[in-house]
Amino acid sequence: MESFTLRSLSSSTSHSLSSSSPASFLHHRPRPIPKSLPSIPPFPTSHSILTLRSSPNPLSLFSPLPKPRTSRSHSSKIQASSSPPPPPPQKQSNGAKPIPLVISVAIGVLVRFFVPKPVEVSAQAWQLLAIFLSTIAGLVLSPLPVGAWAFIGLTTSIVTKTLSFTTAFSAFTSEVIWLIVISFFFARGFVKTGLGDRIATYFVKWLGKSTLGLSYGLTLSEALIAPAMPSTTARAGGVFLPIIKSLSLSAGSNPGEPSKKKLGSYLIQSQFQSTGNSSALFLTAAAQNLLCLKLAEELGVVMSSPWVSWFKAASLPAIVSLLVTPLVLYMLYPPETKDTPDAPAMAAKKLESMGPVTKNEWIMVGTMLLAVSLWVFGDALGIPSVVTAMIGLSILLLLGVLDWDDCLSEKSAWDTLAWFAVLVGMAGQLTNLGIVGWMSNCVAKFLMSFSLSWPAAFGVLQAAYFLIHYLFASQTGHVGALYSAFLAMHLAAGVPGVLAALALAYNTNLFGALTHYSSGQAAVYYGAGYVDLPDVFKMGFVMALINAGIWGVVGSFWWKFLGLY
């Protein structure tokens with residue numbers, strides 16, 4: 001699902017990919033995830049990357065690991081020993097970072113006490129705005145982890161009597177937020193059963209004879225998995241990065257060396273740039289999508305059959321972009337190796353080593369088909385989306401695909417519940433108290449002074465919303481900080497509500513590939529060591545322009561056909 005600040009992006013590389021996904025492309029099938037593992041999404045560690053780099057024979061990655069030999073005498077010594085193992089070292093907490101803490105608090109204090117309050121705004125609303133801005137600043141600068149900082153912001157709003165306890169915690173009962181939380185559990189099921197890895201491997205087997213075909217296979221497999229695996233970071237780190245690294249190493253394309261240009265650099269760039277379109281295609285493909293619709297509802301923009309409405313509007317431009325992206329990068333950022341004739345055979349060998357589809361994988365397939373079907377037809381049947389997710393999770397728990405310890409150890413889900421609810425609650429109260437309306441009217445009057453039509457205002461606001469992401473290290477943080485305000489500006493400028501809400505939400509996915517810090521998956525792919533930093537920025541900007549052209553031109557005609565304006 002996916003929120004990361006600059007601090008969390010750098011620190012998260014300490015998690016191991018092997019804990020929740022296959023360590024290499026053609027190893028034996030990964031064992032089920034132990035209950036004590038850290039929650040997905042996983043990240044490649046510097047240790048695992050160094051191990052791959054130093055492998056003298058990359059093809060050895062595709063053979064089964066030998067069983068360790070233990071002598072009987074040694075085994076008896078171990079059994080005879082009664083001394084317990086030393087306890088694991090405890091992680092030391094050093095509290096908040098002083099400089100980010102001071103800056104974050106100072107922003108709120110300056111707004112509250114030194115910026116004159118507009119006449120149209122109440123004292124309560126202005127105080128809540130100060131707390132909200134301080135909270136957002138902390139999410140960007142990260143004096144503490146995002147969940148901890150959001151909780152402090154919520155506490156401040158109650159202690160200062162800006163919000164009552166009931167009002168402050170009202171968003172924790174939001175259906176959309178609980179849908180996001182349950183979606184993280186679905187993602188864990190995909191990784192735990194190995195189903196996501198199996199699906200991607202089949203596409204490599206079918207389309208992997210050339211480098212371009214290999215890229216299309218990976219891209220299409222992610223688009224297929226995306227609606228049922230809503231964490232872009234989990235898809236990147238748990239499924240696709242291990243496959244790309246193994247294929248690249250088998251072709252002699254090593255990270256951090258000139259040989260990375262043979263295959264790895266292109267596959268990483270292609271998958272990275274395609275992820276945004278996969279996430280934009282389905283409402284349930286990324287956690288921030290659901291947050292966008294919740295914030296749009298706060299401003300009165302409500303969609304009937306949201307899953308279907310989202311997919312219909314995104315389908316044509318997203319599919320065109322998915323088909324164009326690998327080909328454009330093949331020309332602008334070409335791999336040295338054009339053919340990969342061994343990849344299908346390697347994929348076939350891996351599928352053979354994985355064995356037949358297991359009972360848990362079939363249960364996972366059936367559950368997700370049921371969930372997607374109910375998301376599509378649920379409104380007609382009177383079944384809300386969150387109830388569909390609850391039914392799916394209940395099936396996985398009853399049939400043993402997941403157990404409750406899996407859910408409890410899914411830290412990303414509970415962390416998301418905490419800080420998403422805080423942001424949604426504050427944003428909703430800012431709307432109720434008139435702050436968002438006041439800000440949007442000010443911007444609308446400014447745009448009207450230039451005599452802009454609503455289509456022109458739409459283009460200006462969308463471009464501003466997109467490019468300002470260079471200042472953010474989190475897609476969800478960007479949504480929490482700016483989505484409501486920009487949507488209100490669109491509405492004040494006369495842009496049709498559903499069109500404005502959807503376009504902003506689609507952009508939220510597309511700008512995740514701008515930089516190496518713009519999203520969780522960006523950190524995963526850049527950390528693999530196959531792409532140089534200047535290339536990340538250059539190709540990120542070029543593909544942003546190409547995506548803007550596709551979504552702007554194709555999307556405009558398509559949305560007109562659908563009657564969105």
Side-chain angles (χ1 to χ4, degrees), residues 219 223 269-270 272-283 285-286 288-289 292-293 296 301 303 309-329 331-332 443-444 447 450-470 472 475 478-479 482-483 485-515 518-519 537-565:
T219 297
Q269 279 282 22
S270 178
F272 177 35
Q273 294 297 332
S274 298
T275 297
N277 290 292
S278 300
S279 300
L281 183 55
F282 303 100
L283 174 61
Q288 63 266 16
N289 296 347
C292 288
L293 288 199
V301 181
M303 282 173 258
S309 298
W310 179 289
F311 176 74
K312 283 170 58 179
S315 57
L316 188 58
I319 291 172
V320 171
S321 290
L322 284 171
L323 294 175
V324 166
T325 297
L327 182 60
V328 169
L329 285 168
M331 294 184 292
L332 299 180
V443 175
L447 292 175
F450 292 95
S451 300
L452 295 178
S453 61
W454 78 255
F458 174 79
V460 170
L461 291 172
Q462 289 288 332
Y465 181 77
F466 190 99
L467 293 174
I468 204 172
H469 193 65
Y470 277 108
F472 281 84
Q475 289 168 289
H478 188 137
V479 171
L482 298 177
Y483 183 88
F486 269 82
L487 179 56
M489 295 175 203
H490 278 77
L491 299 177
V495 181
V498 174
L499 173 64
L502 288 176
L504 287 171
Y506 297 150
N507 264 334
T508 300
N509 292 286
L510 297 177
F511 60 45
L514 270 179
T515 66
S518 56
S519 59
F537 277 87
K538 181 175 68 175
M539 299 314 303
F541 183 75
V542 170
M543 291 308 301
L545 294 178
I546 293 172
N547 279 319
I550 293 173
W551 282 80
V553 176
V554 177
S556 295
F557 285 106
W558 183 238
W559 298 332
K560 180 68 174 177
F561 174 77
L562 294 176
L564 295 184
Y565 68 95

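Count residues from 1 along the sequence.
The shortest distance between side-chain heavy atoms of Thr508 and His478 does not fall below 4.5 Å. You'll find the side chain of Leu283 stays beyond 4.5 Å of the side chain of Phe311, heavy atoms only. Contact of the Met303 side chain with the Leu502 side chain is registered, since non-hydrogen atoms from C-beta on lie closer than 4.5 Å.
The minimum heavy-atom distance linking Thr515 with Phe272 is given by the pair O-CZ, 3.7 Å. Leu491 and Val495 get closest at one heavy-atom pair: CD2-O, 3.9 Å. Residues Leu564 and Ala313 share a closest heavy-atom pair of CD1-CB, 4.1 Å. Heavy atoms only, all atoms of each residue included: Ala457 and Leu452 are closest at N-CB, 4.3 Å.
Taken to the nearest 0.5 Å, the OG atom of Ser274 stands 7.5 Å off from the CE atom of Met543. Here the CD1-CD1 distance, from Ile550 to Ile319, works out to 12.5 Å after rounding to the nearest 0.5 Å. Put simply, CG on Asn507 and CD on Gln475 are 11.0 Å apart, with the number rounded to the nearest 0.5 Å. From Ser321, atom OG reaches atom CG of Asn547 across 4.5 Å, with rounding to the nearest 0.5 Å. Note: Leu327 CG to Leu332 CG = 9.5 Å, rounded to the nearest 0.5 Å. The distance from atom CG of Leu514 to atom OH of Tyr470, rounded to the nearest 0.5 Å, is 4.5 Å.
Note on ring orientation: taking the six-membered ring where Trp is involved, the planes of Phe511 and Phe466 are perpendicular (angle over 60°, cut-offs 30° and 60°). Aromatic ring pairs are classed by plane angle as parallel below 30°, tilted from 30° to 60° and perpendicular above 60°; the pair Trp454 and Phe458 is perpendicular.
Side chain of His490 to main chain of Phe486: a donor-acceptor pair is present (N/O by atom type, distance under 3.5 Å, no hydrogens or angles). His469 contributes a side-chain N or O that, together with a main-chain N or O of Ser518, makes up a donor-acceptor pair within less than 3.5 Å. Checked by atom type and distance alone, the side chain of Asn289 pairs as donor or acceptor with a backbone atom of Phe282 at under 3.5 Å. For Tyr506 (side chain) and Ala314 (main-chain N/O), a donor-acceptor pair under 3.5 Å exists by modelled atom type. Between the side chain of Ser279 and the backbone N or O of Gly276, no donor-acceptor pair lies under 3.5 Å. Here the side chain of Tyr483 pairs a donor or acceptor atom with the backbone of Ala501 at under 3.5 angstrom.
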Open item on the list: Let's go through Trp551 and Trp558 carefully: what are the C-alpha distance in whole Å and the side-chain angles of both, what is the deciding distance for side-chain contact (heavy atoms from CB on, under 4.5 Å) to 0.1 Å, and is it a yes or a no?
Closed with: CA-CA 10 Å; Trp551 282 80; Trp558 183 238; over 6 Å; no

Task: Check against side-chain contact (heavy atoms from CB on, under 4.5 Å), Leu293 and Trp310 - done: CA-CA 10 Å; Leu293 288 199; Trp310 179 289; 4.2 Å; yes

Task: side chain to side chain donor-acceptor pair (under 3.5 Å) evaluation trace for Asn509 with Gln288 - done: CA-CA 8 Å; Asn509 292 286; Gln288 63 266 16; 3.2 Å; yes

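By the neighbour-count criterion of 12 heavy atoms within 6.0 Å, atom OH of Tyr565 is densely surrounded, having more than that number from other residues, nucleotides or ligands.
Thr219 pairs in a side chain to side chain contact (heavy atoms under 4.5 Å, CB included) with only one of the listed residues (Thr325, Leu323, Leu322), which is Leu322.
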